[in-house]
Amino acid sequence: MAKDRTDRSSQDALAREVDRLLRQLPGGDPTKTVDPDLEQSKAAPRPGGVASGATGKKEVPAPSMRAQKVGVWLRALLATGLAVAVSQWPYAMECGWTLYLFMGVIGAVMIAGGWASVWSWRVRIAPAHLLSLIVVYWGIVLAAEQILPRIGYAPEPKQWSCPK
């Protein structure tokens with residue numbers, strides 16, 4: 001019987017230690033109703049050395065999920081519109097500044113597609129993500145169409161600058 005008591009007391013001590021460690025985890029203490037992350041963010045100083053409550057500014061709440069989804073779709077459709085519009089480029093793009101301008105617009109297509117892709121990944125909207133990846137791919141195809149003949153990959157090479 002003495003052995004049974006020592007086993008119980010060691011188990012109780014172990015259980016108390018486990019409970020103490022669990023209470024230290026965020027959200028581990030059921031008696032606390034305050035969010036520990038919120039409590040910690042209020043107490044932690046900001047990089048500028050000023051605590052969040054000392055400035056008097058109110059924190060801006062995060063946008064709702066619906067607003068995020070609308071924003072993602074607007075980004076994806078903006079990138080798609082730019083990708084479609086660049087296929088109707090009205091100027092000659094054989095050489096010179098019009099070629100450089102066209103290459104800049106192609107860069108904008110790829111950046112817009114990447115921007116939409118990142119946000120659609122964050123909000124987890126698969127169709128918008130696929131659409132934005134198609135836009136990025138389209139930008140790569142347009143860039144390759146202009147760059148490859150100018151670096152000697154095509155049978156008929158082209159020039160970057162116009163001959164005078």
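The structure displayed is predicted, hence computed values, not measured ones.
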Measuring only between side-chain heavy atoms, which start at C-beta, is Leu78 closer than 4.5 Å to Trp115?
yes
Measuring from Met93:CE to Glu145:CD, what's the distance to the nearest 0.5 Å?
6.5 Å
Does any part of the side chain of Tyr153, heavy atoms only, come nearer than 4.5 Å to the side chain of Ile147, both counted from C-beta?
no
Chi angles and distances behind the side-chain contact (heavy atoms from CB on, under 4.5 Å) call for Ser120, Trp73
CA-CA 8 Å; Ser120 60; Trp73 278 108; over 6 Å; no
Indicate, with yes or no, if Leu77 and Leu82 share a hydrophobic cluster defined by side-chain heavy-atom contacts under 4.5 Å among Ile, Leu, Val, Met, Phe, Trp and Tyr.
no
Please determine whether residues Tyr91 and Val86 belong to a single hydrophobic cluster, defined as Ile, Leu, Val, Met, Phe, Trp and Tyr linked transitively by side-chain heavy-atom distances below 4.5 Å.
yes
Shortest non-hydrogen contact between Gly139 and Val109, atoms and distance
CA-CG1, 4.2 Å
For the student: nearest non-hydrogen atoms of Gly96 and Cys162, plus distance
N-SG, 3.6 Å
Short side-chain to backbone donor-acceptor contact, Ser117 and Gly113, under 3.5 Å:
no
Looking at side-chain heavy atoms only, is the closest gap between Asp19 and Arg16 below 4.5 Å?
no
Taking the side chain as C-beta and beyond, is there a heavy-atom pair between Cys95 and Ser161 under 4.5 Å?
no
Quick one: are Ile125 and Trp119 in side-chain contact, heavy atoms under 4.5 Å?
no
Hydrophobic clusters here meaning ILVMFWY residues chained together by side-chain heavy-atom distances under 4.5 Å, can you tell me if Ile106 and Leu101 are in one?
yes
How close do Trp138 and Ala83 get, counting heavy atoms only, and between which atoms?
NE1-O, 3.2 Å
Can Ile140 be reached from Leu148 by stepping across I, L, V, M, F, W or Y side chains whose heavy atoms are under 4.5 Å apart?
yes
Check whether any side-chain heavy atom of Met110 sits under 4.5 Å from a side-chain heavy atom of Val135, and report yes or no.
no
Transitively linked via ILVMFWY side-chain contacts under 4.5 Å: Val123 with Val70?
no
Can you name the closest pair of heavy atoms from Tyr100 and Trp160 and give their distance?
OH-O, 3.5 Å
Nearest 0.5 Å, what's the CG-OH distance between Leu142 and Tyr137?
10.5 Å
Over 60° means perpendicular and under 30° means parallel, so classify the ring planes of Trp121 and His129, tilted if in between.
tilted
Please tell me if the side chains of Leu22 and Leu25 come closer than 4.5 Å, counting only heavy atoms from C-beta onward.
yes
Taking the side chain as every heavy atom from C-beta outward, state whether Glu94 and Leu99 have any pair of such atoms under 4.5 Å apart.
no
State whether the side chain of Arg150 and the backbone N or O of Gln159 hold a donor-acceptor pair below 3.5 Å, judged by distance alone.
yes
Just wondering, are more than 12 heavy atoms of other shown residues or ligands nearer than 6.0 Å to CZ in Arg20?
yes
